[in-house]
Amino acid sequence: MIHLHRDLTIPFQIPHLRPPNHHDPGRNGVKYRAPGQSIRVLCISSLCDNNRPCLNCQNRGGQCSNDRTSEFRTLPHAFREIERLRQRNQELQKELEEERNRKRNQVVHPAGVPNSEVPTYSTEPWLPAPVVSPPIDNGLSAQYWEGVYTSTARSPSKTWYGPSSLLYFISRVNTCLSRKLHDNSEHFKQPNSASRLLDGPTSPPEKSTNKRDQELPVDLTKEYLTPTQEEYFLDLYWQSHHTSFIVLYEDDFRKHYKSLWAGSRKTRKPSALVDIVLALCMQYGMAQRRAKSNSSLRSADIDTDDATLAGRWHYCRCQTLLACELESPTLSTLQCNILSVVWLCWASFQNMADSTLALASRTAQMLGLHLPPPKDMPQREKDLRKRIWWSIYTAETKTSMKLGRPFMLRLSHASVGLPSDDHEAAAQSGSHFAPLDDHTTWLSWDLHNTKLLLAARHVYTAFYDKYMGIFNGDSIAVSTMESYADCLSTHMKAMERWVQDVPDALKIPRKAHGAPFSTECSSLDIEQFAPLWVQRQRLLLELLYHTLCVNLYRPFIWIRSIALHSLPEISAEALRSTPLADICCRNSAAHSMAFTNIMRQVLSTTDLLTGWHEAFQWQWNCAISLVGYVLAYPFDGDQRQAAREAINDAVDVLNIFGNSYAVAASAANVVRSLLATVDHIQASDLDPANSLQPIDEGHRPSAHENPTMPMMSLRGQPHEAVGQADPGFLELDDETLVTMQDFLAGSMDMAFAVDGYNSTNILWPNSGPMG
């Protein structure tokens, strides 16, 4: 048996073997190899001097096997390498099994189907491998994603959110703080949201026991727009939603709208498509008008005139008309379903949007949009069908990754190519936007936006599907976590390759030679005389890129805490043993800071994103991610300080959005309160003699104070518990932990308000709020 030498400064030495004379053969005539002797030197029968690399190999210019490239000087290093190799061996075995299953269940396209335009891994390296039918049962137990079940607003039913969702991230941070208290209770405070007041537009409102009975309005026609008002709002669509979500041809829509007024000058014929377009424009237009009004009227209370609910009657009438088309859907039916998803997302009905998106996905398959268009179909109509299909695919990808739920659409089930963005396609699109350069048109944004989401989906699938076991259980080995972090970093190169493919015409210029799509937080050089739609396209593309990167890197903020908690002892060496996970965490924070830097500059100097609700949702997501990072890395030097300052900027951005939406003002309250608590904890942690007292509501930072906003209250009640604090987070006393739990519970409620109301039956005309 071979034993390791006790002196570990020389790796893998054999103490009981004496280096014999080089010319003296050992037993059975076998020459002995000196400890550490190069294999090459042994083969040429020359003496090794035990240097690394040995002198003989250096003189001959050969490759020495003892060149220190794989040296392990300590036994723990060797054990960690053994564990890493064992884990890698398991991964390779799993990949081999998956490849075998994939070949057994390979999808074969029917003969004669022209699918050469379909994006595949061979044509687009950042695309995922085809997802096939479920593998044959091989006796292995299936693994499923972990998630969180939560009830939104006043609804008693709970819905599931997966590990990539913001709600799950908040719940993990809250769990880390609860571990010390051994207190798993949820101290939810319901925020001010429409779901506490309203039910939905498709059914009568409930009667309240402590409020006056609600009566349905008799005359609903007064809730709709006049012809002049309709024309005003419709003009907004072509400069806003149309250039960022291409599912209509402008000239066809205008002809359709004109035909509805034939034979009448006062009322038009009913049209579900016109109604949903009007609903979207009213939602966006009212948010813009509110932002330009007196900001001192801003409030965190949802009322009957909130901009997120504008156009609800047109949305309801659209759904009523669509009910007659369920059995025989048309392309117009599908367009209405897609735009309904956008309205619901902006109104914060995320679960309803998800359900409507599922309906749109199935309707698209009913119409055969997932297949190549018929050869005899005009090219203009072929292009429209492609754009609608990929609009559904990208919307479903974004929604599924945001909520952490399984994908409904698969590339392997479709054979339609990506839409074209050349000048000929732009000329037939029905809109007359000027080209951006010789190779870039107004349609190019749609193409690169689709490719961005395909690249992000590739990274997302590779990480969450292949390594879903990381989310099951309450412990994970540090070496295992590092291998997952290494895998994610490798796949994230797909995002870098996508950035290199973006044309300069779709990039936001930077001052002082700053680089677009980077995390250096350089100043923007916004082109003053560019059309609004061009500038908005550039902004939305880069903001979506940063948001996707934040969400893809973010799981390691809480995974690292769990991994460190599983160690028997937390030491300085242990905290330095997670370099790859640390890089992922810092990358998530860096992209959050870059996002906030862009939003702060744009909202404070332009109106390009004023009232754009999706940008607000992204900012809320980045703000909470930064709070989680600051909690996980209390002593990360300049990076933590920069993140803390970025949270201040995020509060400013949310306050600006608060001029348009009450929910944004409420979100600013939550982030401001969390930041004040974090600062209080840090100050007390640096000075152990300073006793932690409940934060006085009258002594909050004044830089972002808004006296018209009600602040969230703190309990500040001591809670006795015994346990070990969660490593990776601040060492807190029980009283402060209770305070932090209350704030995180409040932020969870805020996430409910931002991410979902319980119903669209929220306001009826001529009726007061419900209790």
Side-chain angles (χ1 to χ4, degrees), residues 145-153 158-177 186 188-189 191 193 195 345-346 348-351 353-354 397-405 456 460 463-464 471 543-544 546-559 561 584-585 587-589 591-593 595-596 599 613-632 643 646-647 650-651 653-654 657 661 663-664 666-671 673-675 743-757:
W145 288 358
E146 186 181 86
V148 57
Y149 286 89
T150 62
S151 56
T152 57
K158 295 185 177 182
T159 52
W160 181 83
Y161 297 86
S164 64
S165 65
L166 181 63
L167 290 176
Y168 184 82
F169 176 74
I170 294 175
S171 70
R172 296 301 309 202
V173 175
N174 197 27
T175 300
C176 290
L177 293 175
E186 298 177 349
F188 291 158
K189 296 193 208 65
S193 62
S195 59
C345 284
W346 280 43
S348 295
F349 301 106
Q350 301 302 329
N351 285 329
D354 198 14
T397 296
K398 259 201 310 190
T399 302
S400 297
M401 292 192 299
K402 173 186 176 181
L403 303 179
R405 294 169 181 167
Y460 182 94
F463 181 71
Y464 284 94
F471 303 107
L543 291 175
L544 177 59
H546 286 301
T547 300
L548 294 172
C549 290
V550 169
N551 295 345
L552 290 171
Y553 282 121
R554 184 173 60 197
F556 284 94
I557 294 179
W558 59 264
I559 292 175
S561 175
C584 291
C585 295
N587 284 342
S588 179
H591 283 283
S592 296
M593 290 186 285
F595 181 99
T596 304
M599 290 299 301
H613 196 273
E614 188 175 31
F616 152 66
Q617 292 178 331
W618 291 343
Q619 181 63 79
W620 160 254
N621 178 76
C622 289
I624 295 300
S625 300
L626 284 172
V627 171
Y629 173 80
V630 170
L631 286 172
I647 298 175
V651 172
V653 172
L654 294 174
F657 276 119
Y661 308 110
V663 68
S666 185
N669 287 344
V670 173
V671 178
S673 300
L674 284 170
L675 182 59
F743 270 115
L744 285 171
S747 67
M748 174 72 83
D749 288 333
M750 185 64 243
F752 293 157
V754 173
D755 290 333
Y757 298 148

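- Residues Asn587 and Leu552 have side chains not in contact (no heavy-atom distance under 4.5 Å, counting atoms from C-beta outward).
- When side chains are defined from C-beta on, Tyr460 does not count as touching Leu548, because their heavy atoms never get closer than 4.5 Å.
- Contact of the Trp346 side chain with the Phe616 side chain is not registered, since no non-hydrogen atoms from C-beta on lie closer than 4.5 Å.
- Phe169 has its side chain out of reach of Ser164: every pair of non-hydrogen atoms, C-beta onward, lies at least 4.5 Å apart.
- Annotation: the span from Thr596 atom OG1 to Leu654 atom CG amounts to 8.5 Å, rounded to 0.5 Å.
- With a 4.5 Å cut-off on side-chain heavy atoms, Tyr161 and Thr150 count as touching.
- Residues Ser588 and Ile557 form a side-chain contact, since some pair of their non-hydrogen atoms from C-beta on lies under 4.5 Å apart.
- Side chains of Arg554 and Asn621: a donor on one and an acceptor on the other come within 3.5 Å.
- Two rings, from Phe463 and Phe556, have their centers less than 6.0 Å apart.
- Partner of Asp354 under the salt bridge (charged side-chain N to carboxylate O under 4.0 Å, His left out) criterion, chosen from Lys402, Lys398, Arg405: Arg405.
- Side-chain contact annotation: Tyr149 with Thr159, donor-acceptor N/O pair under 3.5 Å absent.
- With rounding to the nearest 0.5 Å, the separation of OG in Ser592 from CG in Leu626 is 4.5 Å.
- Across every non-hydrogen atom of Ala615 and Phe595, the tightest pair is O-CZ, 4.0 Å.
- Of all non-hydrogen atoms in Ala623 and Val671, the two that sit nearest each other are CB-CG2, 4.0 Å.
- You'll find the side chain of Leu675 stays beyond 4.5 Å of the side chain of Val627, heavy atoms only.
- When all heavy atoms of Gln619 and Ala650 are compared, the closest pair comes out as NE2-CB, 3.6 Å.
- Between Glu614 and Cys345 the shortest side-chain heavy-atom distance does not fall below 4.5 Å.
- Separation of the Trp558 and Tyr168 ring centroids falls under the 6.0 Å cut-off.
- Residues Gln617 and Ser348 approach most closely at NE2-OG, 4.1 Å, considering heavy atoms.
- A pairwise comparison of heavy atoms in Trp160 and Gly147 identifies NE1-CA, 3.3 Å as the closest pair.
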- Decide yes or no on side-chain contact (heavy atoms from CB on, under 4.5 Å) for Leu166 and Asn551, but give the supporting numbers first. CA-CA 8 Å; Leu166 181 63; Asn551 295 345; over 6 Å; no
- Item | Candidate pair Val663 and Phe657, rule side-chain contact (heavy atoms from CB on, under 4.5 Å), full reasoning | CA-CA 9 Å; Val663 68; Phe657 276 119; over 6 Å; no
